[in-house]
Structures are given as structure tokens and as C-alpha cells.
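Protein chains get the first letters and strands the later ones, always in sequence-line order, with residue 1 at the start of each. If you're wondering where the values come from, they're calculated on a predicted model, not measured in any experiment.
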Protein chains: 2
Amino acid sequence: MQPSSEPRSRRERPAKPALSRAGIVGAAVGVMRAEGLQKVTMRRLAQELDTGPASLYVYLGNTAELHAAILDELLGTLRPPVGGDWRERVEDLLTGYTALLFEHPGLARSVLVSRPSGEHYLNLIETLLALLDEGGVPAGQAAWGVDILLQHATATAAEQSGRDESVVAQDDWDALTRALHGVDRLTHPRIAALSGHLISGTPEERLSWGFNTLLNGVLGTPTPPGAR
Amino acid sequence: MQPSSEPRSRRERPAKPALSRAGIVGAAVGVMRAEGLQKVTMRRLAQELDTGPASLYVYLGNTAELHAAILDELLGTLRPPVGGDWRERVEDLLTGYTALLFEHPGLARSVLVSRPSGEHYLNLIETLLALLDEGGVPAGQAAWGVDILLQHATATAAEQSGRDESVVAQDDWDALTRALHGVDRLTHPRIAALSGHLISGTPEERLSWGFNTLLNGVLGTPTPPGAR
DNA sequence: ACCTGAACACCGTTCAAGT
DNA sequence: ACCTGAACACCGTTCAAGT
């Protein structure tokens, strides 16, 4: 019997491609788009790629690294703003970054802890530094400012997680919001007086105010001499 | 045979106390102090309280609610600052809050999503509002300011999680830090020029600068007319 | 060298059934 | 009414063993 030149497997599968970090991250983005981030697990992804979960650990150290890589991939779709002065362009860029994360708040949670370090994230930092430089922000303040601006964007998106995934959110609302309204005006007079203000505004208004507050603060707050 | 007035159980256990929300949260704090937050799971806690995990769901809606309740409990140990002007007292109070979370960064992660709504958290908000009022911060700015100040503190603590639990952290450091240093100065000139500044300063210096930046921004940034 | 089956050691949450 | 055993439907990560 002659050795066959046919592949050993009889089943004609869609030609299982070789694993690679890029391929894994691409598949992860696909699963996330189709089924949400909560389905992007090492096990589910291995299943998608027709292998066992252990194989993924050849390319990724852990799940947090996977999430960071997914965000970096998403960041590739972020276009640098063109119109307006430097402040408007900073706000536009950060609003775009936040909008991306608002669609996947779970990603924001992950990324707060294990930040991306890929090309697109570096481009975002570079662009922000260029805009702050254009606005005359001193180097030290700009460097620390980028950090705090991105932290605010990421944390604001992360706060949405849980509040959106389940439909429970609407009638359950928020225990804190209820507590703020039901407060005793004798023990907590200022909360009682300001309860309207504490939860006022749309998410967009608060985010925009946050970026402007941060920008004003960064412009006017020197970093300590030792760190400069 | 006379019915015995003895308890049905022969084993003299440490008198298993009736379940209550406060008891569960207390036990959770105990487990956290002894073994870390990662061990505070519904199952582990049920074991600690000599019952099944389902019993806990009579008192707590989910794990996030448990974590929020733990932080509120911890917040009971936070003493309002006494010395200095209003700005120093704000910074002291927020530094104390952050220090609490630095010891349990996982708690900060949870709480970013599902905030506490207990007595001690309300006291913290009330105290902050009083201090901002003392500083002459307009009501709308103070209300939104408290939110952004607490967010910065919480997010900064959350960023520590992962970086501390494992000893890997030290030599692994941070992929982003490495990426910032290894950047190409042709494609990312500003990162290359500022790489020293981007990671400079101690955590304390950066946190303090963050609070001051926020305070300066809050003082100088009016909230939008509609939301006011 | 590269890859992976199988196992280890867990999770949160629900629900039918008990007291 | 209050409580819970047992089950459902999963996880991340490791490691010995294969090719």
C-alpha cells in the first residue's frame, strides 16, 4: 500500500490556521462584537480557534493581557480630530476614546488595571502630548496630565459596567442614588441640599465638564520640583 | 420516654449565630483581613458561616453588593482631618480614603462599578461637601467635584491591583512602562522626549498632584447652565 | 521546540424542596 | 416565611505528556 499524499485528516475543515498572537486577538474581537466581552474567555476563545485553552498561554500571559490587546486593536479605529483649537481637539479625541469604551465597559475595567502597551495606545498618548504641547502646557504637567485624562475617561466608562449588561439596571437604578435622595437632612444637610446637583447632568455633560476641569487643573498646577 | 429539653444537636458548636446582613459583612471583613479579598467569595463566606452559598443571597443581591458593603464598613475607621485649611483637609481626607483602598486594590476595582451607599460613605461625601463649601466652591461644582475626586482616588487604587498581589510584579514591572521607554523617537518623538516625565514621581506625589489639579480645576470650571 | 489533553481548584447564581 | 442542598453552567491556569 502506497503512502498517501492526502492530508491525514479526512474531514475537510476550514483549514485551521496556525495560531498567532494577532490571530487570537482578532478572534477575540470577533467574539466580543458578536457576543459581548463576558464571552471572551480563554476557554471560549480556544473553542473558537479549535484548540485547548493551554495553547493560548503560548501567546498571552493571562486574561488581562488579552483584554489590553483587544483595546489596542479597537484603538486602531480612532481617528485623530482635525477641527477646532487644541482644547477642542483634546476633548474630541478623549470623547472618542471614551465612546469606544462605553460600548464595552468591561474592557474599561480590565484596562484600568492592565493598560494596553500596543502601537495604537502609544499613538493616542503621542497625539495627546502633541496637543498639550500646542496648548503650551509645560512638559511635566503634560506628562502627568495625559495619565489623569486617560484615567478619567477609562474610569467613567468602567462605571457603566454592570449598569448596562442587564436590563435590571433601569428599575434597580443605583443604590447610591436612592441613598442620596433618602438621606436625613439633619445628619447630612449638605447632601440633602445638593441632592439635585449630585446626580444632575447627562453622562456627556459630566464627561465634558470632567475633561475641561482636568485641563484647567493641569494648566494651572505645577508638578513637584523633585519629579520635574 | 420523656421528650428532652436538650437541643436536638448533640454537638456543642460555637452557637452558630443567626444570619444577618451585618454578620455576613463582618465575617467578610474578617476573611479579607486574614486571607485577602480574593478569598472573599460567596462560597468561602458561606463555609465560614457554616451554611450554603444560597443562604447569603437572602441578604445580598450579588458579590458586588458585598464588596461595596465591605468598603463602607472599612470607611467607619476613617477619621475626619482636623488641622490646616480646607484644601489640606480635603487632601488629607482623600489620602486617607485612598490609603484604605491601597491595602485592598481589588476592593477599589469593585467599588468603581458598584459604589457603596452605606452610612460611612454618605458621611465621607457630606464631609467633602462641607469642606468644599468652606472653600467657597459653588454648589454645582462641589457636587460634581466630589464625584471626580472620589473617582480619581478609587481609580488610582484600582490601578494597583494585580501589581501587588503577586511578587511577579517587580521584575515583570509594566508592559506599558517598557513600551514607553523602547519607543521609536521618529514615530513617537514626544513620548521619547518625555519618557522620563511620564513615569516620574512617587505614587504619593502623583496622587497629591492629582488632588490639587482636580481642586484647581473644580474651582475654576463652571458646570453647564442646564445642569445647574 | 512547540503544542495541548486533562486535570486542579475553584467560581456565581438559581431553584426545587425542605422546615 | 425563611432557609438551603444540590445542581447548572461555567471559569483561569498549570503541567505532564505528546508530536
Side-chain angles (χ1 to χ4, degrees), chain A residues 3 7-9 13 15-25 27-28 31-32 35-70 106-107 109-110 113-114 161-162 165-169 172, chain B residues 3 7-9 13 15-25 27-28 31-32 35-70 106-107 109-110 113-114 161-162 165-169 172:
Chain A
R8 272 196 296 286
S9 167
R13 307 286 229 89
K16 180 185 168 183
L19 286 180
S20 69
R21 195 184 147 102
I24 294 168
V25 174
V31 171
M32 186 186 71
E35 303 173 48
L37 184 74
Q38 65 282 146
K39 290 293 176 63
V40 184
T41 64
M42 291 305 215
R43 279 162 178 275
R44 177 67 177 73
L45 210 45
Q47 193 187 1
E48 195 73 17
L49 294 164
D50 198 20
T51 182
S55 306
L56 306 182
Y57 285 84
V58 176
Y59 303 95
L60 295 160
N62 51 48
T63 304
E65 202 178 309
L66 172 63
H67 286 176
I70 291 174
L107 213 48
R109 287 191 76 180
S110 284
V113 176
S114 163
S161 99
E165 308 283 9
S166 57
V167 194
V168 194
D172 186 68
Chain B
R8 272 196 295 285
S9 167
R13 308 285 230 87
K16 179 185 167 184
L19 286 180
S20 69
R21 194 184 148 103
I24 294 169
V25 175
V31 171
M32 185 185 71
E35 303 173 49
L37 184 73
Q38 65 283 147
K39 290 293 176 64
V40 184
T41 64
M42 291 303 215
R43 279 163 178 276
R44 177 68 176 73
L45 209 45
Q47 192 188 3
E48 195 74 17
L49 294 164
D50 199 19
T51 182
S55 307
L56 305 182
Y57 285 85
V58 176
Y59 303 95
L60 294 160
N62 51 48
T63 304
E65 201 178 311
L66 172 64
H67 287 176
I70 291 174
L107 214 48
R109 284 191 77 181
S110 284
V113 176
S114 163
S161 98
E165 308 282 7
S166 57
V167 194
V168 195
D172 186 67

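Qualifying side-chain contact (heavy atoms from CB on, under 4.5 Å) partners for Gln47(B), counting only residues two or more places apart in sequence or in other chains: Arg44(B). Judged as a side chain to side chain donor-acceptor pair (under 3.5 Å), and not counting sequence neighbours, Thr63(B) has no contacts. By the side-chain contact (heavy atoms from CB on, under 4.5 Å) test, Tyr59(B) is found to be paired with Leu19(B), Arg21(B), Ile24(B), residues two or more places apart in sequence or in another chain being considered. Remark: Thr41(B) engages no residue in a side chain to side chain donor-acceptor pair (under 3.5 Å) (not counting sequence neighbours).
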For nucleotides 10-16 of chain C, which of its nitrogen or oxygen atoms have a protein nitrogen or oxygen under 3.5 Å away, and what is each distance?
unit_1, atom_1, unit_2, atom_2, d
dC11(C), OP1, Thr41(B), OG1, 3.1
dC11(C), N4, Arg43(B), NH2, 3.4
dG12(C), OP1, Met42(B), N, 3.4
dG12(C), OP2, Met42(B), N, 3.2
dG12(C), OP2, Arg43(B), N, 3.4
dG12(C), N7, Arg43(B), NE, 3.0
dG12(C), O6, Arg43(B), NH2, 2.3
dT13(C), OP2, Tyr57(B), OH, 2.7
dT13(C), OP2, Thr63(B), N, 3.2
dT13(C), OP2, Thr63(B), OG1, 3.2
dT13(C), O5', Tyr57(B), OH, 3.3

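If you take CG of Leu60(A) and C1' of dC3(C), they are 15 Å apart, rounded to a whole angstrom. Rounded to an integer number of Å, the gap from OH of Tyr59(B) to P of dA1(D) is 15 Å.
On the C1' atoms, dC10(C) is 16 Å away from dA6(C), given to the nearest whole Å. Comparing the C1' positions of dC2(D) and dC15(C) gives an interatomic distance of 15 Å, to the nearest angstrom.
Interatomic distance, Leu45(B) CG to Ser55(B) OG, rounded to the nearest 0.5 Å: 11.0 Å.
When side chains are defined from C-beta on, Leu56(B) does not count as touching Leu66(B), because their heavy atoms never get closer than 4.5 Å.
Across all non-hydrogen atoms, the minimal contact from Val40(B) to Ala28(B) is CG2-O, 3.7 Å. Residues Pro53(A) and Ala46(A) share a closest heavy-atom pair of N-CB, 3.4 Å.
For DNA chain C, the stems formed by at least three consecutive Watson-Crick or G-U pairs, with both atom-pair distances below 3.5 Å, span C:4-8 with D:12-16, C:12-16 with D:4-8.
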